[in-house]
Amino acid sequence: MNSIQIRRAGIAVAAAVLLPFSLAACSDASSDTKAAPGAAAGDPARTGESTPAGDAMTTEQPFGPACAGVPREGAGSFDGMAKDPVATAASNNPALSTLVTAVKQAGLVDTLNNAKDITVFAPTNDAFAKIPKADLDKVLADKELLTKILTYHVVGRKLTPKQLENGSFETLQKGMVTTKGSGEAYKVNNTAGVVCGNVKTANADVYIIDTVLMPK
C-alpha cells in the first residue's frame, strides 16, 4: 500500500513539473499562429537569424522593420493588399497616404492599377516629409514633373529580393535605378532604404522605401 502511495505521489509531482512547460508550448504555438507574416518578419529577434529558414522567409514573405506597422487584418493587411491592384492596395495602407495623394494628383491611378507584373518602390509619408513643404507643394502642383518622379519609382517587371542584391533596372520614366544589399537590408540608388520589402499586390511587388527617389 505504501508503495502504491509513493508511486502516485511521484506521478503527481511529475505532472506538476511538466504541466507549465506544456502550457507554455501551447501558448507559443498559438501566438505564432496569430502573428501576421509581416510582424514576424519585422521582429528583430527573428530577422537577426542567418539560418537557411530565415533566408527562405525573406524571399517569400514581406520583410523589414516597417512591416510590423502593417495592419494584421482588413484591406490594409498583407493579405488584403494582395487582392487589390497596386494603387488601390496602397490607398489602404496609412503609411502611404502621401504617395496615394501624389498618384491621384498625377492621374496615374488607372495606369498603375492596369499595369501587369510591375515593381513599385513606394516612399512612405516620412520619406515625403523629408522634402521641404514648399518644394513638395510645387512638385504636387506640377503634373508633368510629378509624373516624371512617380514613374521613376516603377519598374516594368516584378523583382525578387535576390534580384535586388546587385541590380540595375529601367523605370517607366526611362531612367535607371540601382539596387544593392542582401538578406533584409537593401538600398535603392544608395540613398533609399527598403523598410518593408516584398509586399505583394494583385499586379505588383512593392518595396516600401524611406526616401523619395529623384530622376537624374
Side-chain angles (χ1 to χ4, degrees), residues 36 38 62 64-159 164 169-177 179 186-189 191-216:
C67 292
V70 174
R72 296 191 178 191
E73 299 178 349
S77 67
F78 291 126
D79 287 341
M81 292 178 71
K83 298 174 183 177
D84 291 323
V86 64
T88 302
S91 70
N92 293 320
N93 188 323
L96 300 177
S97 59
T98 304
L99 173 63
V100 172
T101 296
V103 168
K104 290 179 178 178
Q105 195 80 5
L108 292 174
V109 172
D110 289 341
T111 299
L112 293 178
N113 276 348
N114 293 326
K116 293 184 179 181
D117 297 332
I118 59 176
T119 293
V120 178
F121 295 103
T124 63
N125 296 343
D126 289 341
F128 280 100
K130 293 179 181 180
I131 303 173
K133 187 177 184 305
D135 294 338
L136 181 59
D137 288 343
K138 288 181 181 179
V139 170
L140 292 174
D142 187 334
K143 185 175 181 178
E144 183 178 351
L145 176 58
L146 182 60
T147 299
K148 182 178 179 181
I149 292 173
L150 293 176
T151 53
Y152 183 65
H153 289 74
V154 184
V155 174
R157 59 191 175 107
K158 288 186 176 182
L159 301 175
L164 299 188
F169 310 100
E170 184 178 46
T171 69
L172 296 190
Q173 181 267 337
K174 301 303 181 184
M176 301 295 293
V177 293
T179 58
Y186 296 91
K187 285 279 190 181
V188 184
N189 287 356
T191 57
V194 175
V195 293
C196 185
N198 209 30
V199 178
K200 306 296 184 182
T201 73
N203 67 326
D205 287 348
V206 178
Y207 293 87
I208 301 175
I209 56 178
D210 62 7
T211 303
V212 177
L213 305 174
M214 292 297 178
K216 297 178 181 179

### Message
Ignoring hydrogens, what is the shortest heavy-atom contact between A87 and V109? Give both atom names and the distance.
### Response
CB-O, 3.9 Å
### Task
Enter the distance from R157:CZ to T119:OG1 here, rounded to the nearest 0.5 Å.
8.0 Å
### Query
Is the backbone N or O of K158 less than 3.5 Å from a side-chain atom of D117, with the two atoms forming a donor-acceptor pair by type?
no
#### Entry: Heavy-atom closest pair, residues G197 and Y207
CA-CD2, 3.6 Å
### Query
What heavy-atom pair brings A204 and V86 nearest, and what distance separates the two atoms?
CB-CB, 3.8 Å
### Task
Begin with the C-alpha distance, continue with both residues' side-chain angles, and end with the deciding distance and a verdict on side chain to side chain contact (heavy atoms under 4.5 Å, CB included) for L108 and T147.
CA-CA 8 Å; L108 292 174; T147 299; 4.3 Å; yes
#### Entry: Value rounded to 0.5 Å, distance of CG in D142 from CD in Q105
10.5 Å
### Message
Quiz question: by atom type and distance under 3.5 Å, do the side chains of K200 and N198 form a donor-acceptor pair?
### Response
yes
### Summary
Heavy-atom closest pair (T201 atom, A89 atom, distance to 0.1 Å) is CG2-CB, 3.7 Å
### Task
Please answer whether the main-chain N or O of T98 pairs with a side-chain N or O of N125 as donor and acceptor at a distance below 3.5 Å.
yes
### Task
Any chance you could measure K174, atom NZ, to K148, atom NZ, to the nearest 0.5 Å?
14.0 Å
#### Entry: Donor-acceptor contact below 3.5 Å, side chain N189 vs main chain T191
no
### Task
Take T124 and I208, measure what side chain to side chain contact (heavy atoms under 4.5 Å, CB included) needs, and give me the verdict at the end.
CA-CA 7 Å; T124 63; I208 301 175; 3.2 Å; yes
### Task
Would you confirm whether K143, through its side chain, and G107, through its main-chain N or O, come within 3.5 Å as a donor-acceptor pair?
no
### Task
Calculate, to the nearest 0.5 Å, the distance between atoms OH and CE belonging to Y152 and M176 respectively.
9.0 Å
### Message
Could you go through V206 and M81, starting from their C-alpha distance and side-chain angles, then the distance that decides it, and tell me whether this counts as side chain to side chain contact (heavy atoms under 4.5 Å, CB included)?
### Response
CA-CA 10 Å; V206 178; M81 292 178 71; 5.6 Å; no
### Message
Just verifying a value: how many Å separate L164 CG and T179 OG1, rounded to the nearest 0.5 Å?
### Response
4.5 Å
## Note on the structure
Note: F121 and L213 closest approach over all heavy atoms is CB-CD1, 4.3 Å
#### Entry: Pairs satisfying salt bridge (charged side-chain N to carboxylate O under 4.0 Å, His left out), at least one member in residues 84-110, at least two apart
none
### Query
Is there a side-chain contact between Y186 and I209 (heavy atoms, below 4.5 Å)?
no
### Task
Under the side chain to side chain contact (heavy atoms under 4.5 Å, CB included) rule, what do L145 and K138 come out as? Steps first, then yes or no, please.
CA-CA 9 Å; L145 176 58; K138 288 181 181 179; over 6 Å; no
### Query
Just one of V139, V212, T211 clears the side-chain contact (heavy atoms from CB on, under 4.5 Å) bar with I131, so which one?
V212
### Message
Taking K83 first and then D79, would you say they form a salt bridge - that is, a charged N and a carboxylate O separated by under 4.0 Å?
### Response
no
### Query
Taking atom CD1 of I118 and atom CG of L112, what is their separation to the nearest 0.5 Å?
5.5 Å
### Message
Around atom NZ of K187, are there more than 12 heavy atoms from other residues, nucleotides or ligands closer than 6.0 Å?
### Response
yes
### Query
Closest approach of L99 and P123, non-hydrogen atoms and distance?
CB-O, 3.9 Å
